[in-house]
Amino acid sequence: EAGVTQFPSHSVIEKGQTVTLRCDPISGHDNLYWYRRVMGKEIKFLLHFVKESKQDESGMPNNRFLAERTGGTYSTLKVQPAELEDSGVYFCASSQSYRRYNEQFFGPGTRLTVL
Amino acid sequence: GQNIDQPTEMTATEGAIVQINCTYQTSGFNGLFWYQQHAGEAPTFLSYNVLDGLEEKGRFSSFLSRSKGYSYLLLKELQMKDSASYLCAVSKGGGNKLTFGTGTQLKVEL
């Protein structure tokens, strides 16, 4: 079974530019989550999709962040315009709804550096 | 709000046993996860506790006390490859979103 994949693995952009991160969840997983780890801090929840619907976006920092999951398969997270404080590692995770404990499988993350 | 505390670093010897503690304060609680993360890699699932008590899985065990807001991860017969960051995370809400501690960096020495 292929795991969660994320693209790109690294991205270096300048302040004010736009970046789009992509996540491909495990096939058949309805739940898709985005998390972020800023340097020296804990991993923090950003938002949760169930299929193509946003279930919870309470962790999104501000309206410069836009997440989509058209068709309920892969998801994109766009940051526009990027600011210095957006630097960090962005993780995607997916899970099956019917599993007893809803274990989340994580991707390797995208390391975003905003200069 | 949520507050999850775990030690920042621990060092242990190959072949020994180490216990990593995690305390939490949270509104709403579905269960507690432990993940292992090697540098530059994805966090990988180790264990999950929803009821009080001990869950054993090979060399790894995890304990939960909901009344005390306390969990620990026990690693036995330590191997060099166990050097990694260990993340304690609480699952809450209908969507089971995870709230993480900052992680415990474990170093296994000869």
Side-chain angles (χ1 to χ4, degrees), chain A residues 1-7 9-10 23-26 29-51 53-60 67 69 88-111, chain B residues 1-9 20 22-51 53 55 57 60 62 64 66 71 84-105:
Chain A
E1 175 180 88
V4 177
T5 58
Q6 294 186 243
F7 182 83
S9 56
H10 293 82
C23 168
D24 285 78
I26 292 172
H29 281 193
D30 289 340
N31 295 296
L32 188 149
Y33 305 82
W34 283 98
Y35 295 87
R36 177 175 74 170
R37 185 170 201 165
V38 172
M39 180 75 75
K41 300 285 186 73
E42 70 275 19
I43 297 173
K44 284 193 173 179
F45 168 81
L46 294 178
L47 89 159
H48 170 213
F49 284 99
V50 177
K51 297 185 179 178
S53 300
K54 290 177 186 174
Q55 180 81 7
D56 180 356
E57 49 185 333
S58 61
M60 294 288 262
R69 193 183 182 196
V89 182
Y90 290 77
F91 292 101
C92 174
S94 71
S95 70
Q96 292 174 323
S97 295
Y98 59 82
R99 280 187 71 95
R100 179 173 66 89
Y101 48 75
N102 201 32
E103 172 192 344
Q104 295 181 28
F105 295 84
F106 280 78
T110 293
R111 181 174 295 278
Chain B
Q2 276 103 176
N3 193 31
I4 300 178
D5 291 313
Q6 51 182 131
T8 305
E9 296 178 333
I20 303 174
C22 172
T23 58
Y24 64 89
Q25 295 173 312
T26 184
S27 54
F29 179 85
N30 295 340
L32 190 142
F33 286 85
W34 284 96
Y35 280 84
Q36 179 192 61
Q37 186 181 22
H38 286 97
E41 298 181 7
T44 55
F45 170 80
L46 288 178
S47 70
Y48 177 70
N49 295 73
V50 62
L51 299 175
E55 293 280 342
K57 208 175 180 182
F60 298 85
S62 58
L64 175 67
R66 288 172 297 171
S71 173
S85 180
Y86 291 84
L87 308 170
C88 173
V90 170
S91 169
K92 63 167 289 183
N96 292 301
K97 65 183 180 185
L98 297 177
T99 301
F100 284 87
T102 53
T104 299
Q105 188 65 43

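Heavy atoms of R111(A) lying under 4.5 Å from chain B are absent altogether. For a residue to count as touching a neighbouring chain, one of its non-hydrogen atoms must lie under 4.5 Å from one of that chain's; by this rule S58(A) touches chain B with the side chain only. Within the 4.5 angstrom heavy-atom criterion, no atom of Q6(A) approaches chain B.
Under a cut-off of 6.0 angstrom, the local environment of CZ in F45(B) is crowded, with over 12 non-hydrogen atoms contributed by other residues, nucleotides or ligands. Within 6.0 Å of atom NZ in K54(A), more than 12 heavy atoms from other residues, nucleotides or ligands are found, so the atom counts as buried in its surroundings.
Across K44(A), H48(A), E42(A), Q55(A), the residue that shares the most heavy-atom pairs under 4.5 angstrom with chain B is E42(A).
Residues L98(B) and F106(A) meet the side-chain proximity criterion, which asks for heavy atoms closer than 4.5 Å.
Taking the ring-ring contact (aromatic ring centres under 6.0 Å, His included) definition, one finds that Y24(B) meets it with F29(B), sequence neighbours left out. In this structure, F91(A) has no ring-ring contact (aromatic ring centres under 6.0 Å, His included) partners at least two apart in sequence or on a different chain.
A distance of 10.5 Å separates OG1 of T102(B) from CD1 of I43(A), quoted to the nearest 0.5 Å. To the nearest 0.5 Å, the span separating CD on E103(A) from CG on N96(B) amounts to 12.0 Å. Between atom CD of residue Q104(A) and atom CZ of residue F33(B) there is a gap of 6.5 Å, rounded to the nearest 0.5 Å.
Annotation for A42(B) and G107(A): closest pair CB-O, 3.1 Å, computed over non-hydrogen atoms.
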